[in-house]
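Okay, structure first, notes after.
Residue numbers begin at 1 in each chain, while the letters A, B, ... track the order of the sequences. Computed from a prediction, not measured in an experiment: that's the story for all the values here.
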Amino acid sequence: GESVGLHLPTLSVQEGDNSIINCAYSNSASDYFIWYKQESGKGPQFIIDIRSNMDKRQGQRVTVLLNKTVKHLSLQIAATQPGDSAVYFCAENIGHTGKLIFGQGTTLQVKP
Amino acid sequence: DTEVTQTPKHLVMGMTNKKSLKCEQHMGHRAMYWYKQKAKKPPELMFVYSYEKLSINESVPSRFSPECPNSSLLNLHLHALQPEDSALYLCASSQEEGTDGYTFGSGTRLTVV
């Protein structure tokens, strides 16, 4: 069925280390993926996106990797900072349907 | 302007009340969305509007009634809600339905008493 999931509910990292948040999706028709950051009491904030015709995209301190063969998505955050502490969601858009489906979320905790 | 603005930020309503949530964007986006988010859960899609017409209704109960009066505004009318409807209601917009540029507002925290 249609589902987007994350491998770990909580990830704890040391300040300055790199973080990797993983996501598995099941719908082969998904052609667009977005990573969001959500802080307590706020709406989801766009981090980075990637289309299915790409396998890697880089932003400022963030990289998204897409492996269509195993339907896996990951978000890498370089030099993690305390301000990166939040819940991270991956979301998939299924073939221009307007349905953006969210995964369960991973809580990132950054230890000083 | 690159924001989606939602009002009010907080709302407490009784089960017999009628209230409305409002959403506004001035990015020229032609698709707008309502999502519901319970605590510690991901956002769940409720409605999709495309060019001011309802495109998707994810089997939402009729006590939630969406309205898109123009391309910049999206309302969600609430009537006879239940306590389990208490949640964060999020509005989003994108260039077109299913395309990039999904931008979310900060949400309305709704409590039904």
Side-chain angles (χ1 to χ4, degrees), chain A residues 1-10 21 23-25 27 29-54 57 59 64 66 73 86-109, chain B residues 2-7 9-10 21 23 25 27 29-51 53-60 66 68 74 87-110:
Chain A
E2 300 172 358
S3 67
V4 179
L6 290 143
H7 293 316
L8 293 173
T10 302
I21 301 172
C23 180
Y25 66 96
N27 198 313
S30 295
D31 59 359
Y32 177 55
F33 304 86
I34 309 173
W35 280 102
Y36 286 97
K37 172 186 179 183
Q38 188 173 27
E39 296 173 286
S40 181
K42 297 184 179 180
Q45 177 188 353
F46 175 94
I47 301 173
I48 192 167
D49 59 0
I50 189 167
R51 295 205 169 275
S52 58
N53 60 354
M54 302 173 70
R57 191 160 189 229
V64 55
L66 175 63
L73 194 68
V87 178
Y88 288 80
F89 291 101
C90 63
E92 68 177 312
N93 183 260
I94 301 173
H96 294 277
T97 63
K99 289 190 178 186
L100 188 69
I101 298 175
F102 283 74
Q104 292 303 305
T106 292
T107 300
L108 178 63
Q109 299 174 339
Chain B
T2 59
E3 291 187 344
V4 174
T5 304
Q6 291 188 243
T7 55
K9 294 194 181 304
H10 301 275
L21 309 184
C23 174
Q25 56 87 16
M27 294 178 280
H29 288 179
R30 303 315 301 265
M32 297 186 76
Y33 311 81
W34 279 115
Y35 280 80
K36 173 183 178 180
Q37 186 177 26
K38 300 284 278 185
K40 300 188 186 302
K41 294 291 185 182
E44 295 179 350
L45 182 64
M46 300 174 71
F47 301 104
V48 179
Y49 270 82
S50 179
Y51 286 85
K53 295 190 186 306
L54 184 64
S55 174
I56 296 175
N57 176 341
E58 289 287 270
S59 302
V60 179
C68 189
L74 185 66
L88 181 67
Y89 287 84
L90 294 161
C91 175
S93 68
S94 65
Q95 294 280 359
E96 305 265 344
E97 183 177 352
T99 64
D100 57 2
Y102 280 91
T103 304
F104 280 81
S106 296
T108 294
R109 177 72 61 189
L110 175 68

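Interface residue Leu100(A): backbone and side-chain heavy atoms are both found under 4.5 Å from chain B. In this structure, the portion of Gln37(B) lying under 4.5 Å from any heavy atom of chain A is its side chain and not its backbone. Residue Glu58(B) touches chain A through its side chain alone, counting heavy-atom pairs closer than 4.5 Å. With a threshold of 4.5 angstrom between heavy atoms, Gln45(A) does not approach chain B through any atom at all. Contact of Tyr35(B) with chain A is made through the side chain alone, with heavy-atom distances under 4.5 Å.
With sequence neighbours left out, Thr108(B) forms a side-chain hydrogen bond (donor to acceptor under 3.5 Å, both in side chains) with no residue at all. Partners of Tyr32(A) under the side-chain hydrogen bond (donor to acceptor under 3.5 Å, both in side chains) rule, at least two apart in sequence or in another chain, are Asp49(A).
Using cut-offs of 30° and 60° on the angle between ring planes, the pair Tyr36(A) and Phe104(B) is perpendicular.
No donor-acceptor pair under 3.5 Å is formed between the side chain of Glu39(A) and the backbone N or O of Ala86(A).
A 6.0 Å sphere centred on NZ of Lys42(A) holds no more than 12 heavy atoms belonging to other residues, nucleotides or ligands.
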